[in-house]
Visitor: 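Let me give you the structure first, and then I'll get to my questions.
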Amino acid sequence: MPNSPLLALCGLKSFISVGLALLPLWWRVGSSEGLRPSLIVFICYTLILVFALIGPRIVPMLIPAEMEVGLVDSLTRVSRYAPAPGSKSLRLYAAGNEWESFQVVVHALYGELKNVKVQVSTLVSESGAIISNRNIKLYREFSVRIRRPTPGAPIDWREIPDILVPFKNPYTGEDLTSCPYDACPFDVAPGENQIVWVDIHVPANAEPGLYCGHVVVRSERKVEALRLELVVWAFTLPSRPDFRTFFLVDEWVLRDTYGLDVQSAEFMRLIRKYYLMLVEHHVNPGYFFDGIPEIGPNGEAIFDTLIPGLGTVAENIEYYMGELGLDLFMVPLWTDWPPAALRENRTLARRYIRDIYEFFRGHGWENRLVVYVVDEPETLNNFSLARRWGMLVDEISPEIAYLITLLDPYVKGTDWSSVKELEGYVDLWVILPGPFYNKGQLWRLSQRLAAGEEVWSYTALTLNRPGPVWQIDYYPIEYRIFPWLDYVYGYTGMLYWCVNFWTRRPWRSVAYRFWGQHYNGEGILLYPGTTEKVGFDGPIASMRLKWIRDGIEDYQYLKTAEKLGISQETIKEMISETAQSWEEWTKNPETLLETRKELAETIENTISD
């Protein structure tokens with residue numbers, strides 16, 4: 001249904017084009033019957049046809065552009081072509097040292113909007129306290145194409161917004177202009193939306209209370225100001241969350257995409273930018289390419305190697321573990337490196353692992369080490385290999401956590417007995433919850449928790465159903481609710497296999513192809529920013545990474561309540577409408593946001609008592 005006079009006029013094009021096709025026939029018939037139309041009628045008819053062909057391009061320049069603007073929460077996904085949603089005011093809630101987000105929807109009602117700019121003012125409380133707009137970051141949302149939907153996807157859009165291009169260069173603070181993916185100012189085509197994502201970081205020392213400000217949207221013809229309110233709770237989140245993470249950056253995909261030598265200073269500085277982007281979103285990369293000690297001829301770990309463009313290996317590790325306070329470091333081991341580590345080079349491998357352990361123990365970080373070698377064992381041979389690696393790690397120190405990922409509670413050709421052989425060696429069980437839930441085997445992980453071991457979750461493809469699925473054409477809430485469900489089961493972290501497994505055209509296609517299916521967004525939480533595309537080389541965040549960050553902060557609300565003496569049973573009851581089991585969890589963002597608000601109010605009341 002047309003939503004403007006312009007679109008109605010454009011609709012005449014097809015009708016009149018038929019007349020153009022019939023014109024020669026009309027002329028011949030009229031001539032044979034002596035009814036040749038007059039020259040004036042013919043000219044008028046021709047002018048109408050010409051207008052039908054070029055009118056759609058001219059009319060937008062003649063009709064004054066009308067701009068509609070609205071504010072929506074961060075979990076509402078807005079289509080480029082949908083009617084403009086949103087309200088003229090919005091109230092947000094956040095604790096100290098927390099990120100809170102929302103979206104600004106700019107809709108071109110009639111003509112094209114030109115040179116649109118969006119700004120967010122400093123927020124001021126009733127007592128005069130401020131949250132400076134230097135704590136506020138703006139991004140323009142760009143869409144990716146969905147050529148084939150993910151199996152079972154509930155969203156059937158052909159284009160889905162996900163890429164967040166910043167208004168300013170994150171490394172210099174300068175405005176980004178004259179790039180193909182220029183964020184601001186921007187134009188909006190008639191009948192379309194452009195959405196702007198806004199991140200607000202509440203300082204750790206922010207005074208509790210209600211803060212007010214405005215979102216100002218300017219086009220060449222109109223200026224509109226919308227009211228923004230932010231309630232800051234009377235508690236503060238820690239700098240590093242209790243929820244543990246391990247999200248890997250693939251250095252080889254990064255190398256191929258940027259065309260750099262992995263030993264160059266340029267590459268080392270680039271990969272650190274990717275690590276820091278994850279850390280900013282409460283995510284630990286876990287494995288650090290610039291923190292790998294070389295192995296000497298006798299197995300000794302060498303920490304004084306200088307990494308081009310950065311510091312020594314020791315200095316880089318100290319930066320991540322000390323200055324940034326990250327809580328996990330993967331010991332650089334693989335099934336084929338060091339070579340024959342479980343056979344003739346076992347002594348060499350033991351020396352290498354022990355040296356790394358001693359380095360970390362010297363800093364008081366020994367409980368941050370993780371060995372992750374065997375991934376998703378499914379055969380008896382794989383489980384035997386996993387057990388032998390566990391034995392090797394155990395010989396060195398029980399303080400080194402041995403991690404194993406489990407795709408399914410049953411091994412091909414056997415039962416849980418193969419997994420049971422790992423008990424006593426595995427310290428950190430990372431499971432795909434869906435298959436365990438579907439087969440009634442989650443109780444086995446409860447036993448591991450009772451034994452003092454740790455359990456995490458992970459996700460891949462759509463295998464986690466009926467639990468949340470991390471694909472672009474699934475609901476936004478599925479990215480945010482994972483830590484809620486982990487809390488329900490006593491799990492304390494999450495692993496994700498890759499954040500940059502890009503296609504050859506990552507800004508257009510995000511399809512991971514597997515068994516003839518497309519899994520849209522699988523292995524991609526960041527996009528490759530380049531000077532040619534956005535004005536700088538470095539990572540571009542996805543909306544999905546923002547939802548993951550918000551879910552981790554939600555988990556911290558749960559842990560904050562627990563640390564104040566509220567029992568886990570009481571907390572689980574409070575959040576039962578939002579997260580009850582891997583099958584029973586809300587798809588409604590309003591339910592999650594309301595539960596979070598009630599949880600914050602409970603925390604405040606407990607603090608004041």
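Position 1 is the first residue of the sequence; numbering continues from there.
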Visitor: So which atom in G434 and which in N464 form the shortest heavy-atom distance, rounded to 0.1 Å?
Guide: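 Heavy-atom minimum between the residues: N-OD1, 2.8 Å.
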Visitor: If you define the side chain from C-beta out and look only at heavy atoms, does anything of W456 sit under 4.5 Å from W429?
Guide: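 Result no, sub-4.5 Å side-chain heavy-atom pair not found.
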Visitor: Between T602 and M574, is a side-chain contact (heavy atoms from CB on, under 4.5 Å) present by the stated rule, with each step listed?
Guide: CA-CA 10 Å; T602 300; M574 289 176 60; 3.4 Å; yes
Visitor: Any side-chain donor-acceptor pair under 3.5 Å between T76 and D73?
Guide: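 Yes, D73 and T76 have a side-chain donor paired with an acceptor closer than 3.5 Å.
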Visitor: At their closest point, which heavy atom of M321 faces which heavy atom of L328, and how far apart are they?
Guide: CE-O, 3.5 Å
Visitor: Looking at CZ of F246 and CG of L428, how far apart are the two atoms once the value is rounded to the nearest 0.5 Å?
Guide: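 Taking CZ in F246 and CG in L428, the distance rounds to 9.5 Å.
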Visitor: Return the set of residues passing side chain to side chain donor-acceptor pair (under 3.5 Å) with T595 (not counting sequence neighbours), or none when no residue passes.
Guide: T578
Visitor: Any non-hydrogen side-chain atom of I404 less than 4.5 Å from a side-chain atom of V430?
Guide: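 Of all side-chain heavy-atom pairs linking V430 with I404, none is under 4.5 Å.
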Visitor: Stepwise, does the salt bridge (Lys or Arg N to Asp or Glu O under 4.0 Å) test hold for E251 with R255?
Guide: CA-CA 6 Å; E251 65 271 18; R255 175 201 65 182; over 6 Å; no
Visitor: Suppose we call two aromatic rings close when their centres sit under 6.0 Å apart. Are Y258 and F267 close by that rule?
Guide: no
Visitor: Atom CG in D156, atom CG in D473: separation rounded to 0.5 Å?
Guide: 9.5 Å
Visitor: Is there a side-chain contact between T379 and S384 (heavy atoms, below 4.5 Å)?
Guide: no
Visitor: Are a donor atom and an acceptor atom from the side chains of N500 and D250 found within less than 3.5 Å of each other?
Guide: no
Visitor: For the pair T459 and V469, evaluate side-chain contact (heavy atoms from CB on, under 4.5 Å) and give the outcome as yes or no after the intermediate values.
Guide: CA-CA 7 Å; T459 184; V469 170; 5.7 Å; no
Visitor: Would you kindly say whether Q556 and D242 are connected by a side-chain donor-acceptor distance under 3.5 Å?
Guide: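 There is such a pair (donor and acceptor under 3.5 Å, judged by atom type) between the side chains of Q556 and D242.
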Visitor: Tell me, yes or no, whether the heavy-atom count around E577 atom CD, taken from other residues, nucleotides or ligands under 6.0 Å, exceeds 12.
Guide: no
Visitor: With sequence neighbours left out, what residues match Y357 under ring pair (Phe, Tyr, Trp, His ring centres under 6.0 Å)?
Guide: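 Partners of Y357 under the ring pair (Phe, Tyr, Trp, His ring centres under 6.0 Å) test: none.
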Visitor: Before accepting this row, confirm whether a basic side-chain N of the pair R240/D327 lies closer than 4.0 Å to the acidic partner's carboxylate O.
Guide: no
Visitor: Measuring from atom CG of L348 to atom CD of E300, what distance do you get when rounded to the nearest 0.5 angstrom?
Guide: 8.0 Å
Visitor: Heavy atoms only: give me the nearest T530-D537 pair and the separation to one decimal.
Guide: CA-OD1, 3.2 Å
Visitor: Is any side-chain heavy atom of Y139 less than 4.5 Å from a side-chain heavy atom of V165?
Guide: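 No - every pair of side-chain heavy atoms lies 4.5 Å or more apart.
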Visitor: Between P293 and Y352, which heavy-atom pair has the shortest distance, and what is it?
Guide: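 Where P293 meets Y352 most closely, the heavy atoms are O-OH, 2.7 Å.
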Visitor: Which label fits W337 and W334: parallel for a plane angle under 30°, tilted from 30 to 60°, or perpendicular past 60°?
Guide: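 Taking W334 first and then W337, their aromatic rings stand perpendicular (interplane angle over 60°).
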Visitor: Which pair of non-hydrogen atoms, one from E553 and one from N97, has the smallest distance, and what is that distance?
Guide: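 Scanning both residues completely, I find the closest heavy atoms to be OE2-O, 4.5 Å.
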Visitor: Walk me through whether R147 and R158 qualify under side-chain contact (heavy atoms from CB on, under 4.5 Å).
Guide: CA-CA 7 Å; R147 301 184 184 278; R158 298 281 72 84; over 6 Å; no
Visitor: Would you say R480 and L592 make side-chain contact, with heavy atoms under 4.5 Å?
Guide: yes
Visitor: Looking just at side-chain N and O atoms, do E583 and Y437 make a donor-acceptor pair shorter than 3.5 Å?
Guide: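 E583 vs Y437: donor-acceptor pair found between side chains.
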Visitor: Please work out which of the three classes, parallel, tilted or perpendicular, describes the rings of Y320 and F288, given edges at 30° and 60°.
Guide: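 Ring orientation, 0 to 90° scale: parallel.
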Visitor: Which atom pairs, one a donor and one an acceptor, fall under 3.5 Å between side chains of residues 484-499 and the rest of the protein, sequence neighbours left out?
Guide:
{"from": "W484", "atom 1": "NE1", "to": "D554", "atom 2": "OD2", "distance (Å)": "3.0"}
{"from": "D486", "atom 1": "OD1", "to": "S457", "atom 2": "OG", "distance (Å)": "2.9"}
{"from": "D486", "atom 1": "OD2", "to": "S457", "atom 2": "OG", "distance (Å)": "3.0"}
{"from": "Y487", "atom 1": "OH", "to": "E562", "atom 2": "OE1", "distance (Å)": "2.7"}
{"from": "Y489", "atom 1": "OH", "to": "W582", "atom 2": "N", "distance (Å)": "3.2"}
{"from": "T492", "atom 1": "OG1", "to": "E454", "atom 2": "OE2", "distance (Å)": "2.7"}
{"from": "Y496", "atom 1": "OH", "to": "G523", "atom 2": "N", "distance (Å)": "2.9"}
{"from": "W497", "atom 1": "NE1", "to": "E522", "atom 2": "OE2", "distance (Å)": "2.7"}

Visitor: Any carboxylate oxygen within less than 4.0 angstrom of a Lys/Arg side-chain nitrogen, looking at K439 and D408?
Guide: yes
Visitor: Using a strict cut-off of less than 4.0 Å between a Lys/Arg side-chain nitrogen and an Asp/Glu carboxylate oxygen, indicate whether E423 and R387 qualify as a salt bridge.
Guide: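 A salt bridge is absent here (no side-chain N lies under 4.0 Å from a carboxylate O).
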Visitor: So, S101 and D199: side-chain donor and acceptor under 3.5 Å apart, yes or no?
Guide: yes
Visitor: Taking all heavy atoms of H282 and all of I552, pick out the closest pair and write down the distance.
Guide: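 That closest heavy-atom pairing would be O-CD1, 3.7 Å.
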Visitor: Testing R596, K597, K546, R549 for salt bridge (Lys or Arg N to Asp or Glu O under 4.0 Å) with E100, which one passes?
Guide: R596
Visitor: Could you tell me if R444 and Q441 have a donor-acceptor pair between their side chains, going purely by distance under 3.5 Å?
Guide: yes
Visitor: Can you measure from CG (N316) to CE (M268) and round to the nearest 0.5 angstrom?
Guide: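 These two atoms lie 8.5 Å from each other.
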Visitor: Looking at R448 and E453, does any basic side-chain N land under 4.0 Å from a carboxylate oxygen?
Guide: yes
Visitor: Please check if the number of heavy atoms outside E573 that lie under 6.0 Å from its CD is greater than 12.
Guide: no
Visitor: side-chain contact (heavy atoms from CB on, under 4.5 Å), that's the test. Do S74 and D550 meet it? Break it down for me.
Guide: CA-CA 10 Å; S74 61; D550 293 346; 4.1 Å; yes
Visitor: Tell me which one of Y519, Y479, Y512 satisfies ring-ring contact (aromatic ring centres under 6.0 Å, His included) with W470.
Guide: Y479
Visitor: If we ignore angles and hydrogens, is there a donor and acceptor under 3.5 Å between the side chains of T150 and N520?
Guide: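 Yes, because at least one side-chain N or O of T150 sits under 3.5 Å from a partner of the opposite role on N520.
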Visitor: Whether the Y275 and D290 side chains hold a donor-acceptor pair (N or O, under 3.5 Å, no angle test) is what I'd like checked.
Guide: no
Visitor: Using 30° and 60° as the class boundaries, would you call the ring planes of Y557 and F235 parallel, tilted or perpendicular?
Guide: perpendicular
Visitor: Between N382 and P377 (side chain of the first, backbone of the second, donor and acceptor by atom type, cut-off under 3.5 Å), is there such a pair?
Guide: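 Judged by distance alone, no pair lies under 3.5 Å.
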